[in-house]
Number of protein chains: 2
Amino acid sequence: MDTPLVVVHYEKMIRNLDRMAAFARAYRVRLRPHGKTHKMPQIAKMQLERGAAGITVAKIGEAEVMAAHGCDDILIAYPLIGNEKVERLLALARTVRVSTLVDSFEGAKALSDAFLRERMRLPVYVKIDSGLHRCGVQPGEEAAQLVRHVVSLPGLQFLGLLTHAGHAYAAKDARDLQRIGQGEADCLIETAEILRKEGIAVQEISVGSTPTVRISGAVTGVTEIRPGNYVFHDMTQVRLGVATEEDCALRVWARVVSRPNKNVLVLDSGAKTLALDRGAHGVEGVSGYGRIVGYPDCVIERLSEEHAVVKVPDDCPLSIGDVVEIIPNHACPVVNLTDQVYVIREGQSAEVWRVEARGKTS
Amino acid sequence: MDTPLVVVHYEKMIRNLDRMAAFARAYRVRLRPHGKTHKMPQIAKMQLERGAAGITVAKIGEAEVMAAHGCDDILIAYPLIGNEKVERLLALARTVRVSTLVDSFEGAKALSDAFLRERMRLPVYVKIDSGLHRCGVQPGEEAAQLVRHVVSLPGLQFLGLLTHAGHAYAAKDARDLQRIGQGEADCLIETAEILRKEGIAVQEISVGSTPTVRISGAVTGVTEIRPGNYVFHDMTQVRLGVATEEDCALRVWARVVSRPNKNVLVLDSGAKTLALDRGAHGVEGVSGYGRIVGYPDCVIERLSEEHAVVKVPDDCPLSIGDVVEIIPNHACPVVNLTDQVYVIREGQSAEVWRVEARGKTS
């Protein structure tokens, strides 16, 4: 074990998993956690054991890893475009239940054609833009038009409506977050109403995002929640008031390798370990590049690839060779940068868990 | 081959390698390129075949990979602190010529003790801060004090002085870059003068950084240059006037997966592929998250992990399924995020090269 190390505090992770499972049970919504945060089949299994109905992933490569490790109900929450991806999706759909989303007529048609040729049907959600302004069609009539098209395609099975309120990361305060979470659910439900009046069955109303899930997931009519980050939490969730530092289960152990003067020290955890994120989805808001636990006056001001440059007060007791623990700003990219994490658990020796679905960009 | 793909244009890379080799020959400086940019033993071999004296790396893990693939003269340009690293360094030093740097009394002493115990001597540079304000001692008397200490330590062989002018990435214009490059060399040479007057031999004056290398590498007295990024170049080098877009050998192929409205399209290359860098060393300066080749009016405004959100003009002809080529802002982290690159070469089919030293953070 050599620094920098990515460490998972087992008990904290378990508490995070248990809490979200309890929320889903209490509100009778299906929990389908997003695996992009942990990228580890072991943790997906722990989520399934706690009642998750299946797993969500972003890419086919991640789905392939999860399927190979026994996950048999996988949602690929990403518009799958291109022949290579369609072929891989077909192969996967022959071995496990796989669903995906569409947000365009072209995308829906290509998937339908491919599945029809193989006499298969692909379950799909229609993706709605609830305010992040990334993928997705606008709620209301624009979404209804795409749904009608999907319903008409024989290779697809229309499941329902899905969104991700990533714009919650730009929430100004708790009240703003409340408004965003409520809006996330409302825009799906209102669109579903239009469709149901036409006799189109909308089984699923699926919402996501760790910051909003306890708001949107509690709205009557929502059937499924897809939080991801909650398994570990990070300084971005702390900033939003969604978690405390104590909840943050994923941390980086780094070593002081230089102290060029009394107000600067350098750690061996650079952007290659901590990532450059100051938030998520292009939203910034966290100051510094992670919080050094126990040293609130030490600020990680700058990252090179292999160095963290930290401003420290005159009396900072840290010296060359000391190891510190850092809570990263955004846990997901930190996991994607490491081949393995060290899981530490009270009374047990550390275990090494491989990040099996790391680096699956396609 | 499925998007997003990291692609290397072979002929561009060869031209970059040849040019730097020619520069080093012309100025009779030893070229010891930094391998952190490519992380591929094949490319290190191509650099050595063109006259490089050895390779530079940032971490022991990278050195281990390079040594396993036949590189036999490796500089680990990073302060190595902690017992685990010292043990790995000893093991490596038994198989290849390995050198490193020190920037603290504590670090130097620990290395000397370990090598002395094994009756070995470790060649070291003393690292000087020429203005980046990261690692390194101040030039002049502060550096001279550390050198005297190093010279007194029986487990170390003092090689000379080394710096990295990473602050060049914040250069305001060409004249400022000139000043920084000149200063990079001057501060080492002035420190060497102090030492030489005391009878301390300073063999090496080693400078780095692609933006400054043609300035500092041309200063009389400099013996070694350690540029890294030049093998690929990127939009940061283009911004600094050090390279043209045409020189940029590493690119990302991404696909349009959504066009939510006529002024926005979404590509499947997010921060997990392009990285969040707007520059290097915490310096920002590039607008957007990479340049889409052939579409100067399309701006990559925002990255999520798996999405690039691009602002496009009304008449942009790109539609869902189209593939574009992107020159990233910073090539080094893009390489670190991918398991393999696709090397394309005129008249030949693409080759897959594994990024063998990817993710070696320790």
Side-chain angles (χ1 to χ4, degrees), chain A residues 1-5 36 58-59 78-82 84-85 88 103-104 106-107 110 129 133-138 166 255-260 264 266 268-273 275-277 280-282 301-307 309 319-321 332-333 336-339 358-359 361-362, chain B residues 1-5 36 58-60 78-82 84-85 88 103-104 106-107 110 129 133-138 166 255-260 264 266 268-273 275-277 280-282 301-307 309 319-321 332-333 336-339 359 361-362:
Chain A
M1 284 171 68
D2 197 358
T3 57
L5 278 182
K36 81 183 186 72
K59 292 292 176 104
Y78 198 87
L80 298 174
I81 305 290
E84 297 84 355
K85 291 205 172 54
R88 289 166 72 191
D103 77 341
S104 69
E106 305 90 305
D129 173 17
H133 305 320
R134 196 177 62 180
C135 292
V137 288
Q138 293 306 302
R255 194 181 295 267
V256 180
V257 293
S258 185
R259 189 159 177 182
V264 176
V266 179
D268 60 0
S269 57
K272 253 176 75 178
T273 302
L276 285 174
D277 301 52
H281 298 295
E301 287 200 324
R302 210 167 88 210
L303 297 182
S304 301
E305 284 166 83
E306 303 285 10
H307 305 74
V309 179
S319 59
I320 289 175
C332 313
N336 188 54
L337 285 163
T338 190
D339 289 334
R358 186 204 57 72
T361 52
S362 74
Chain B
M1 286 171 67
D2 196 359
T3 57
L5 276 183
K36 79 184 186 74
K59 293 292 176 102
I60 295 187
Y78 198 87
L80 298 175
I81 305 290
E84 298 84 356
K85 291 208 171 51
R88 289 166 72 191
D103 77 341
S104 69
E106 305 90 307
D129 172 19
H133 305 322
R134 197 177 62 179
C135 291
V137 288
Q138 293 307 302
R255 194 181 294 268
V256 180
V257 294
S258 185
R259 190 161 177 181
V264 175
V266 179
D268 60 1
S269 56
K272 253 176 77 178
T273 302
L276 285 174
D277 301 53
H281 297 298
E301 288 200 322
R302 210 168 87 210
L303 298 182
S304 301
E305 284 167 83
E306 303 285 10
H307 305 75
V309 179
S319 59
I320 289 175
C332 313
N336 188 55
L337 284 164
T338 190
D339 289 333
T361 51
S362 74

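Keep in mind that this is a model prediction, so the values were computed, not measured. Worth knowing before you read on, the calculation uses all heavy atoms, side chains too, and leaves out hydrogens, waters and symmetry mates. Quick note on labels: first sequence line is chain A, next is B, and so on, each numbered from 1.
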Which atoms of [X] are under 4.5 Å from chain A, going by heavy atoms: the side chain, the backbone, both sets, or neither?
X      : result
B/V137 : neither
B/D339 : side chain
B/L303 : backbone
B/R88  : side chain
B/E106 : side chain
B/R255 : side chain
B/N336 : side chain
B/A58  : side chain

**OP:** Specify the closest pair of heavy atoms between B/P4 and A/K59, including all atoms of both residues, with the distance to one decimal.
**Re:**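 Taking B/P4 first and A/K59 second, the nearest heavy atoms are CD-NZ, 4.2 Å.
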
**OP:** Might you point out which heavy atoms bring A/S362 and B/T3 nearest each other, and give the distance in Å?
**Re:** CB-O, 3.2 Å

If you count heavy-atom pairs within less than 4.5 Å of chain A, which of [options] leads?
options                        : result
B/H281, B/R259, B/E301, B/Q138 : B/H281
B/R134, B/K36, B/E305          : B/R134
B/C332, B/G359, B/A280, B/G107 : B/C332

Residue selection (most heavy-atom pairs with chain B, distance under 4.5 Å) from [options]:
options                : answer
A/V264, A/T273, A/V257 : A/V257
A/L80, A/D268, A/V309  : A/D268
A/L337, A/D277, A/T338 : A/D277
A/D2, A/L276, A/D103   : A/D2

Original post:
If we only count heavy atoms from C-beta on, is the A/E306 to B/C135 side-chain gap below 4.5 Å?
Top reply: no

Subject >> Gap between atom CZ of A/R302 and atom NE2 of B/H133 - 0.5 Å precision >> reply: 8.0 Å

